[in-house]
Number of protein chains: 2
Amino acid sequence: MDRKTATIQDVARIAGVSTATVSRTLSKPSVVAKSTREAVLDAVAETGYRVNATASNLRRQRTGTVIVLLPNLANPFFSQILAGLASVLTPAQLGMLIADTQSGPDPEERLRHYLTSGQADGLILLDGTLSPEALAIPGRPPVVLACEWMGHDLPSVRVENARGAALAVGHLARLGHRRIGHVTGPRGNVLTETRLEGFCAALQELGLPLDDHWVLEGDFSMDSGAAAGRAWLGMTDRPTALFLSSDEMAIGFLGEVQRAGIRVPEDVSIVGFDNIEIAQHLSPGLTTIRQPRTQIGVRAAELLLAMIETGSLTGPSELIEVEFIVRGSAGVPPA
Amino acid sequence: MDRKTATIQDVARIAGVSTATVSRTLSKPSVVAKSTREAVLDAVAETGYRVNATASNLRRQRTGTVIVLLPNLANPFFSQILAGLASVLTPAQLGMLIADTQSGPDPEERLRHYLTSGQADGLILLDGTLSPEALAIPGRPPVVLACEWMGHDLPSVRVENARGAALAVGHLARLGHRRIGHVTGPRGNVLTETRLEGFCAALQELGLPLDDHWVLEGDFSMDSGAAAGRAWLGMTDRPTALFLSSDEMAIGFLGEVQRAGIRVPEDVSIVGFDNIEIAQHLSPGLTTIRQPRTQIGVRAAELLLAMIETGSLTGPSELIEVEFIVRGSAGVPPA
DNA sequence: GTGAAAGCGCTAACAT
DNA sequence: ATGTTAGCGCTTTCAC
């Protein structure tokens, strides 16, 4: 009907009250008299009034927005975390501004920008490669890490990465493997290092050999898994099993060696990490470690919400359990 | 340093100019004298001043935000489109507020909410199942569809879906298949219908039979592809080839029949749709139709940006080409 | 329980 | 080329 949207003034005029009363009716209905409240709500309905979030935010010195900073938006790994975040943030009237650290030139500068721009009530960080110094900014909003991170003193939601690696090694050892290789994520990434440490520690604990040639560097992508597959095919002294630091790499590896005529798990056993949806649909199914990604998002959002509400810059951290999922890609070693 | 962030007043005071000059220096540097500009920029640097986006937006009657409405955030299909959107929107100083139509109860109400709330300068719609009536709202911001849609009169970025289906059928027919089945997306979805129509039309054009039993309903998910695989395994009169309306379904189908001992493509040929990253890493590689998803996002964002800048509610539509990708999952029919 | 009034921080006429 | 001024629409003391 109306050409332009109604303001609080219009509602006040129609209801015959002041703008203050309209505002109160909408935010704290209990403090206004029943009859006034009804008059106001009628006027709201009549005009189709919605509060202007920008004006409200300016007045209340908040933004209504949470920034989510992730390394790479195109990586489907994050979409489920985002879904978890949204399920908590949306009901709390907080929008998610999603930004990608890889699209620009200087990721840490991007982070600093968001922290100082006053554009957000809080920030959720999904990129573990940024350095903690970037967070040392006075007056910054609360931050929750939903990833591993160099400095471990911030509120965070993390996953039992080292234990996951140990579970993988234990499973393979129990099947009889003694020559176990590993494909890492990108060096420098905290996830990579944590899983690698867990892998090495488990090997040592079980008295299994660790050959440097059996640790290949990847970058979590399918392509890098395929490259690892080619490297494995070219080895004279192949490990009989591999633990790969992501399911995506496991898929790339699997496809590559299968196309070369290698049978999985008869000729080589494979364990991934993540339990992405496709893991169960491969042939053979991918044995892997489940990370509950939606839950990571949910908990991170809840933590941040609590900090925003209390105005605190600190808060608890949380460790989320992983679960070992046995499918067909790991079996007994070849005779 | 400072406890609270500097305002434009602080900068003006330090630089010895008015706030208007500070504002101008930052938005249209060319109109202020060089010496003043330098003084202002020095003061900006000294105070670490950043414009308060909320205040700026309120004053300029804009929001600095674009809402992206998609059916399901957890679906990795959208992440690349989002990456494309972000690559255009971020440099234009527009944030993306991402919302999920499936998380709440009433998707159309959600859409209406975003359209009327004045929280966005524009909206990008990735959900083709919402009805066009929901957009008939006075004073709404510009909208771009990045999906198929019931009413075809809005600015949109779409893909040659029907032609993609025809390419798939043509390829299979050329290999010698005469019994070609299809697994659809969810009924009612516009993508589903368009591809189905393309499929039927191509069959007819080539004089190939269309058996109703060979058209199975899926929902684009791997699980539904696996279900289609089980259905196919149970058929007495199996088609020798299938065109599946998404790669995810093709993957589910492939895994399911392979686990049942069926060889692909020797026993059955498969063609998917999308060319998701994993398609090339499967064994056999998945023959499919490529949709340039990043580009879809880029073009949609560019269209919307133009509309926001000109204040127009209409604009051109664009059809993005698909490309047929031959890999190993489709071969000659079994003898 | 309700109203008056003072800004939140910024930009864009309009003056000069 | 720069300053003055009037708000954008809202929330929140502070009175009554």
Side-chain angles (χ1 to χ4, degrees), chain A residues 2-41 43-44 47-65 93 116-121 139, chain B residues 2-41 43-44 47-65 93 116-121 139 141 311:
Chain A
D2 310 336
R3 274 246 51 75
K4 25 185 54 206
T5 52
T7 75
I8 200 171
Q9 312 264 12
D10 302 326
V11 177
R13 193 170 355 93
I14 292 175
V17 297
S18 73
T19 59
T21 300
V22 176
S23 179
R24 284 190 206 104
T25 307
L26 266 23
S27 55
K28 297 187 256 165
S30 59
V31 310
V32 304
K34 186 152 174 290
S35 57
T36 344
R37 194 192 318 151
E38 283 165 359
V40 170
L41 293 178
V44 167
T47 55
Y49 170 72
R50 333 268 314 218
V51 312
N52 177 321
T54 308
S56 170
N57 287 335
L58 174 60
R59 177 59 232 247
R60 293 162 62 195
Q61 299 285 77
R62 48 161 261 163
T63 68
T65 301
Q93 301 273 53
T116 54
S117 64
Q119 289 191 49
D121 297 332
Chain B
D2 312 336
R3 273 256 36 81
K4 27 184 53 210
T5 52
T7 74
I8 200 172
Q9 312 263 11
D10 303 325
V11 177
R13 192 169 358 90
I14 293 176
V17 299
S18 73
T19 61
T21 300
V22 177
S23 179
R24 278 193 286 258
T25 307
L26 266 24
S27 54
K28 297 188 256 164
S30 58
V31 311
V32 304
K34 185 151 175 288
S35 58
T36 348
R37 195 191 316 152
E38 282 166 1
V40 170
L41 293 178
V44 166
T47 54
Y49 170 73
R50 331 272 313 221
V51 312
N52 178 320
T54 309
S56 169
N57 287 335
L58 175 59
R59 178 59 232 247
R60 294 163 60 194
Q61 297 286 76
R62 50 163 258 163
T63 68
T65 301
Q93 301 271 52
T116 54
S117 64
Q119 288 190 50
D121 297 333

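We name chains A, B, ... by the order of the sequence lines, and we start the count at 1 in each one. All figures in this text were calculated on a predicted structure; none of them were measured in a lab.
Residues passing the salt bridge (Lys or Arg N to Asp or Glu O under 4.0 Å) test with A:Arg60: none are found, sequence neighbours excluded. Residues meeting the side chain to side chain donor-acceptor pair (under 3.5 Å) test with B:Thr21, sequence neighbours left out: B:Ser18. With sequence neighbours excluded, no residue forms a side chain to side chain donor-acceptor pair (under 3.5 Å) with B:Ser23. Annotation: side chain to side chain donor-acceptor pair (under 3.5 Å) contacts of B:Glu38 (sequence neighbours excluded): B:Lys34. Residues satisfying the salt bridge (Lys or Arg N to Asp or Glu O under 4.0 Å) criterion with B:Asp121, sequence neighbours excluded, are absent altogether.
Of the two residues near DNA chain C, B:Tyr49 and A:Lys34, the one whose nearest nucleotide lies more 5' is A:Lys34.
As rounded to whole Å, 10 Å separates atom P of D:dA1 from atom CZ of B:Arg37. In this structure, B:Arg13 atom CZ and C:dG9 atom C1' are separated by 14 Å, rounded to whole Å. At whole-Å resolution of the value, CD in A:Gln9 and P in C:dG3 are 13 Å apart. Atom CD1 of A:Ile8 and atom P of D:dG9 are 11 Å apart (whole Å). Atom CG of A:Asp10 is separated from atom P of D:dG9 by 9 Å (rounded to the nearest Å).
Sorted by first and then second residue, the salt bridge (charged side-chain N to carboxylate O under 4.0 Å, His left out) pairs with a member in residues 5-16 of chain B read B:Asp10-B:Arg13; sequence neighbours excluded.
For B:Thr36, a side-chain nitrogen or oxygen approaches OP1 or OP2 of D:dT2 to under 4.0 Å. A close approach under 4.0 Å does occur between a side-chain nitrogen or oxygen of A:Gln61 and OP1 or OP2 of C:dG9.
Counting only distance, with no hydrogens or angles, the side chain of B:Thr47 and the backbone of B:Ala43 share a donor-acceptor pair below 3.5 Å.
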Would you please test B:Val40 and B:Val32 for side-chain contact (heavy atoms from CB on, under 4.5 Å) and show each step?
CA-CA 10 Å; B:Val40 170; B:Val32 304; over 6 Å; no

Show me the donor-acceptor pairs, under 3.5 Å and distance only, between side chains in residues 48-55 of chain A and residues at least two apart or in other chains.
| residue | atom | partner | partner atom | Å |
| --- | --- | --- | --- | --- |
| A:Arg50 | NH1 | B:Thr116 | OG1 | 2.8 |
| A:Arg50 | NH2 | B:His113 | ND1 | 2.4 |
| A:Asn52 | OD1 | A:Thr54 | N | 2.8 |
| A:Asn52 | OD1 | A:Ala55 | N | 3.0 |

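Taken residue by residue, residues 50-58 of chain A places heavy atoms nearer than 4.0 Å to DNA chain C at A:Leu58.
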Distances under 3.5 Å only, N/O to N/O: pair up the protein atoms with those of nucleotides 12-16 of chain D.
| residue | atom | partner | partner atom | Å |
| --- | --- | --- | --- | --- |
| D:dT12 | O4' | A:Arg59 | NH2 | 3.3 |

